[in-house]
Number of protein chains: 2
Amino acid sequence: MDKFYKEGASVFKALGDPRRAMIVDMLSCGELCACKILEKFSISQSTLSHHMKLLCECGLVVGRNEGKWTHYSLSADGIARTKQFLCHITDSKENPIYKNMDPDQCCSK
Amino acid sequence: MDKFYKEGASVFKALGDPRRAMIVDMLSCGELCACKILEKFSISQSTLSHHMKLLCECGLVVGRNEGKWTHYSLSADGIARTKQFLCHITDSKENPIYKNMDPDQCCSK
DNA sequence: GCCTCACATCGAAATGTGTCAATATGAAAA
DNA sequence: TTTTCATATTGACACATTTCGATGTGAGGC
């Protein structure tokens with residue numbers, strides 16, 4: 001139960017960095033190798049590697065090794081799960097966990 | 001341009017905390033006052049206040065003061081903008097910014 | 001007026017994150 | 001095999017974040 005929010009939030013934590021959000025945007029138009037991504041940022045190679053690791057670990061991006069190069073692309077499944085989680089926590093609903101919260105129980109006489 | 005990602009990422013940064021994601025989930029079934037939210041967590045009142053401030057500042061939640069109580073609810077507009085941003089950076093597209101990235105320019109002979 | 005209640009803010013401590021230079025790894029070229 | 005190249009990992013540092021107890025604030029109740 002707690003794990004549900006922890007895992008869902010981990011993707012948002014990854015997207016919570018502007019550079020990583022921009023990297024995801026870049027990858028949305030196709031697979032790119034690390035060196036091409038690096039060109040667009042004024043960050044060191046090790047920093048980019050760190051960001052890519054985080055994006056991969058949360059399941060949003062997958063890396064494909066080809067010789068000495070690594071090609072990164074978005075994970076369709078990871079994106080689908082992310083959108084699903086966002087809808088789950090934001091769409092209006094009768095949440096079973098909190099449905100017995102009577103608004104008159106507190107905050108009124 | 002850079003501001004675009006920074007603002008979009010700020011919402012994800014807010015949702016990147018499991019407690020805050022859970023609070024948003026709670027609010028999705030209706031307005032709640034701070035005391036009711038606090039009941040569901042084993043955190044201090046000041047910590048909750050801090051989380052609510054972050055959720056409000058990124059535009060996802062709005063607070064409504066009524067006497068000495070504060071009622072929190074989701075911002076339909078904030079949610080819409082968040083979903084839009086997520087789709088913008090993840091949906092497959094011909095991104096004008098990166099469309100001239102020739103995959104054969106790098107990473108191949 | 002004074003007290004109480006709900007919530008916000010402050011200050012401090014612990015932990016987490018982003019970044020870099022340096023170094024390691026592993027594949028291909030020479 | 002030695003070198004070179006692309007990427008990953010390590011170690012260190014600055015800064016941000018989470019959390020708490022203590023205190024401030026502003027609205028009602030006495």
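In what follows, chains are A, B, ... by sequence order, proteins preceding strands, each numbered from 1. Keep in mind that the numbers below use all heavy atoms, side chains included, and drop hydrogens, waters and symmetry copies.
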Please confirm whether the shortest side-chain N or O distance from [X] to OP1 or OP2 of [N] is below 4.0 Å.
| X | N | answer |
| --- | --- | --- |
| B:Ser49 | C:dA8 | yes |
| A:His51 | C:dT17 | no |
| A:Tyr72 | D:dA6 | no |

**Request:** Measure from the side-chain heavy atoms of B:Lys68 and tell me the nearest of D:dA27, C:dC20, C:dA27.
**Result:** D:dA27
Whole Å only: how far is the [atom1] atom of [X] from the [atom2] atom of [N]?
| X | N | atom1 | atom2 | value |
| --- | --- | --- | --- | --- |
| B:Glu57 | C:dA8 | CD | C1' | 12 Å |
| B:Ile23 | D:dT18 | CD1 | P | 11 Å |
| A:Phe41 | C:dT19 | CZ | C1' | 14 Å |
| A:Leu32 | D:dT7 | CG | P | 11 Å |
| B:Trp69 | C:dT4 | CH2 | C1' | 12 Å |

**Message:** Does B:Ser49 form a side chain to side chain donor-acceptor pair (under 3.5 Å) with B:Ser46? I'd like the steps, not just the answer.
**Reply:** CA-CA 5 Å; B:Ser49 184; B:Ser46 62; over 6 Å; no
**Asked** So, are A:Arg20 and A:Asp25 salt-bridged, with charged N and O less than 4.0 Å apart?
**Response** no
**Request:** Indicate for each nucleotide in nucleotides 10-17 of chain D, in 5' to 3' sequence, whether protein heavy atoms under 4.0 Å reach the base (B), only the sugar-phosphate (S), or nothing (-).
**Result:** -------S
**Asked** Under the 3.5 Å rule, do the base of D:dA6 and the side chain of A:Gln45 count as making a donor-acceptor pair?
**Response** no
**Request:** Indicate, with a heavy-atom threshold strictly under 4.0 Å, whether A:Ile43 touches base, sugar-phosphate, or nothing.
**Result:** sugar-phosphate
**Asked** If two hydrophobic side chains count as joined below 4.5 Å and joins carry through other members, does B:Leu54 share a cluster with B:Phe12?
**Response** no
